[in-house]
Every structure is written in structure tokens, then in C-alpha cells.
Amino acid sequence: MRVLGIVGSPRRGGNTDVLVERVLAGAWAHGIETEKVLLGELDIGPCRACYSCADSGQCVVGDDFHALLEKALDSVGIVLGSPMYVGTVTAQMKAFVDRVDCSQVEMVRVPSGEVRFRSRHRGRFGVVVAICDLSPLNELRHCARVMEACLRDLGANTVDEVLAQRLSDVGDVRKRPELLARAFRAGERLAAAIRGGEMG
Ligand SMILES: Cc1cc2nc3c(=O)[nH]c(=O)nc-3n(C[C@H](O)[C@H](O)[C@H](O)COP(=O)(O)O)c2cc1C
């Protein structure tokens, strides 16, 4: 049973990295194995809209996406974290989100006759971490929504989201104990959801 943390910031040791680590620490404190990857240290290119994946669910772009997807699908919990770059998630996170969306979602006809998109997966839980500096909360929420959509595509229900503003330089978040505690608590909630329990 593992929780996988995926960091969308290119900065190892940056604010996103630290907060994702804290979420993982919260899950680990409840006996759940954790692992973290930084998208900036992997080779994951953007979706090419070739639609080769439409029937097979297999992306044909040959890079590190496949190994990371396998790791994510092999995890019961997924933490996605990204700083805001110009109103949305980083390019590294967006490439991952788009590749997941294209390949892991299928079209189904619902009883009303309409066609809907549905994840090929079920049974996971997730947390999103979205951070920014001076942008307003509604814009930060947009970043969280993008990552929440990705969690849905991976078959994960989002159980908590950590939103943090006024962060800029590497190390800023270490001076904000309330954010570190908030992220830890999100990890505990994730562990509780995974174990099927309830936390107040
Ligand atoms: C290219 C770029 C674009 C950014 N755009 C925004 C933005 O639109 N709004 C904002 O509040 N902060 C913006 N930031 C600031 C980052 O979100 C902020 O520094 C964050 O703490 C970086 O996270 P990290 O330490 O995990 O790398 C931007 C930073 C960069 C490098």
C-alpha cells in the first residue's frame, strides 16, 4: 500500500516539494509507505493529440510517462502538487495531466443516450497541493481543479486540498508552520480515507 507524491515544480527543495513531503509524512505517520517523484527530473513531453490511445489506452509517445503512470496506478494514494505559473499549473504538471487525460479516460454512453468521458480506473484517493505568490485565491483554486481532474482520471477521489499563497523563494514555506501542519493533516486524512476510516 503506497502513496505516491508527484511534484510539478522544477525546484527540488522548493515550496511545493516541501509541502508534498509534509503530506507524505502525514500518511507515513499512519503506517503507509510513501514515494516522491519530481516531474522536472523526468522526461515527460506534452500530448501530441495523435489519438493513438483512443481505443487502447496506451500512449505511444516514448518517454518517462509510462513508468510514472504505472507507478501511479500501482499506488492507492496520489498527491499532486504544483506552483502556479501564469495562472495555471507548471508546464511539467500540465504535460502529465494532459497525457493522463488523453490515455486513461474512455467514452461511455449513459442511459440517457448521451456520451460521457469516464476514467478507466477506480478505488484510489488523492490530495492536491497548489501554491502561489501574489495571485488571488480563485486563480489558485483553478490550479487545484486542474490537478483534481487528473486525480479523477487516475481513479482517485480528492479527499483534501492544500492551498498556500504568499510563497516565493525556496525555503519560504519552512517559515510557515501553519502550512506545514496543514499539509501534514492532509496526509493524515489521506491515510484515513485509504484505511476506510473517518477522521474528524
Ligand atoms: C514562470 C513563473 C510564473 C509564475 N507565475 C505566478 C503567478 O501567475 N501567480 C503567482 O502568484 N505566482 C507565480 N509565480 C511564483 C511561484 O508560484 C512561486 O514562486 C512558488 O512559490 C514557486 O514554487 P516552488 O518553490 O515550489 O518552485 C511564478 C513563478 C514562475 C517561475
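Both ligands and their constituent atoms are indexed starting at 1 by order of listing.
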query = Among all protein non-hydrogen atoms, which one is nearest to atom 23 (O) of ligand 1, and what is the separation to 0.1 Å?
reply = Pro83 CB, 3.3 Å
query = For ligand 1, which atoms, with element, lie under 4.0 Å from some heavy atom of Cys132?
reply = 10 (C), 11 (O), 17 (O)
query = Under 4.0 Å from ligand 1, counting heavy atoms only, is it the side chain of Met84, its backbone, both or neither?
reply = both
Ion pair check, Glu114 and Arg109, cut-off under 4.0 Å = no
ask   = Between Arg141 and Glu139, is the closest basic N to carboxylate O distance under 4.0 Å?
value = no
ask   = Does Asn15 reach ligand 1 with a nitrogen or oxygen that is under 3.5 Å from one of the ligand's nitrogen or oxygen atoms?
value = yes
inquiry  = Once you restrict to heavy atoms under 4.0 Å, what part of Ser135 touches ligand 1? Side chain, backbone, both or neither.
reply    = both
Ionic contact status for Arg176 with Asp172, cut-off 4.0 Å = no
key: Pairs touching residues 119-131 that satisfy side-chain hydrogen bond (donor to acceptor under 3.5 Å, both in side chains), sequence neighbours left out   = Gln104-His121
inquiry  = Show, in sequence, the C-alpha distance, side-chain angles and deciding distance for Ile6 and Phe96, and conclude whether the side-chain contact (heavy atoms from CB on, under 4.5 Å) test is met.
reply    = CA-CA 10 Å; Ile6 301 178; Phe96 178 71; 3.9 Å; yes
task = Give the residue, atom name and distance (to 0.1 Å) of the protein heavy atom nearest atom 3 (C) of ligand 1.
result = Tyr85 CA, 3.6 Å
salt_bridge(Arg166, Asp133) N-O dist < 4.0 Å = no
inquiry  = Closer than 4.0 Å to some heavy atom of Asp133 - which atoms of ligand 1 meet that?
reply    = 10 (C), 11 (O), 12 (N)
message = What I want to know is whether Val170 and ligand 1 share at least one N or O pair that is separated by under 3.5 angstrom.
response = no
ask   = Can you tell which part of Thr16 has a heavy atom less than 4.0 Å from ligand 1: side chain, backbone, both or neither?
value = both
ask   = Considering distance alone, does some N or O of Leu167 sit under 3.5 Å from an N or O of ligand 1?
value = yes
message = Within the 4.0 Å heavy-atom shell around Gly14, which atoms of ligand 1 are there?
response = 25 (O), 26 (O)
query = Is a donor on one side and an acceptor on the other found under 3.5 Å between the side chain of Asn15 and the backbone of Asp169?
reply = yes
query = Can you list the atoms of ligand 1 that are under 4.0 Å from a heavy atom of Ser9?
reply = 24 (P), 26 (O), 27 (O)
request  = State whether Arg185 and Glu178 are salt-bridged, where the test is any N-O pair (Lys NZ or Arg NE/NH1/NH2 against Asp/Glu carboxylate O) under 4.0 Å.
outcome  = no
query = With a 4.0 Å cut-off on heavy atoms, does Val86 reach ligand 1?
reply = yes
message = I need the atoms of ligand 1 closer than 4.0 Å to a non-hydrogen atom of Ser168, numbered in the order shown.
response = 19 (O), 21 (O)
message = Give the atom numbers and elements of ligand 1 that come within less than 4.0 Å of a heavy atom of Gly87.
response = 8 (O)
Salt bridge present between Asp160 and Arg182 (N-O < 4.0 angstrom) = yes
query = With distance as the sole test, does Ser75 use its side chain to make a donor-acceptor pair with the main-chain N or O of Ile78 at under 3.5 Å?
reply = no
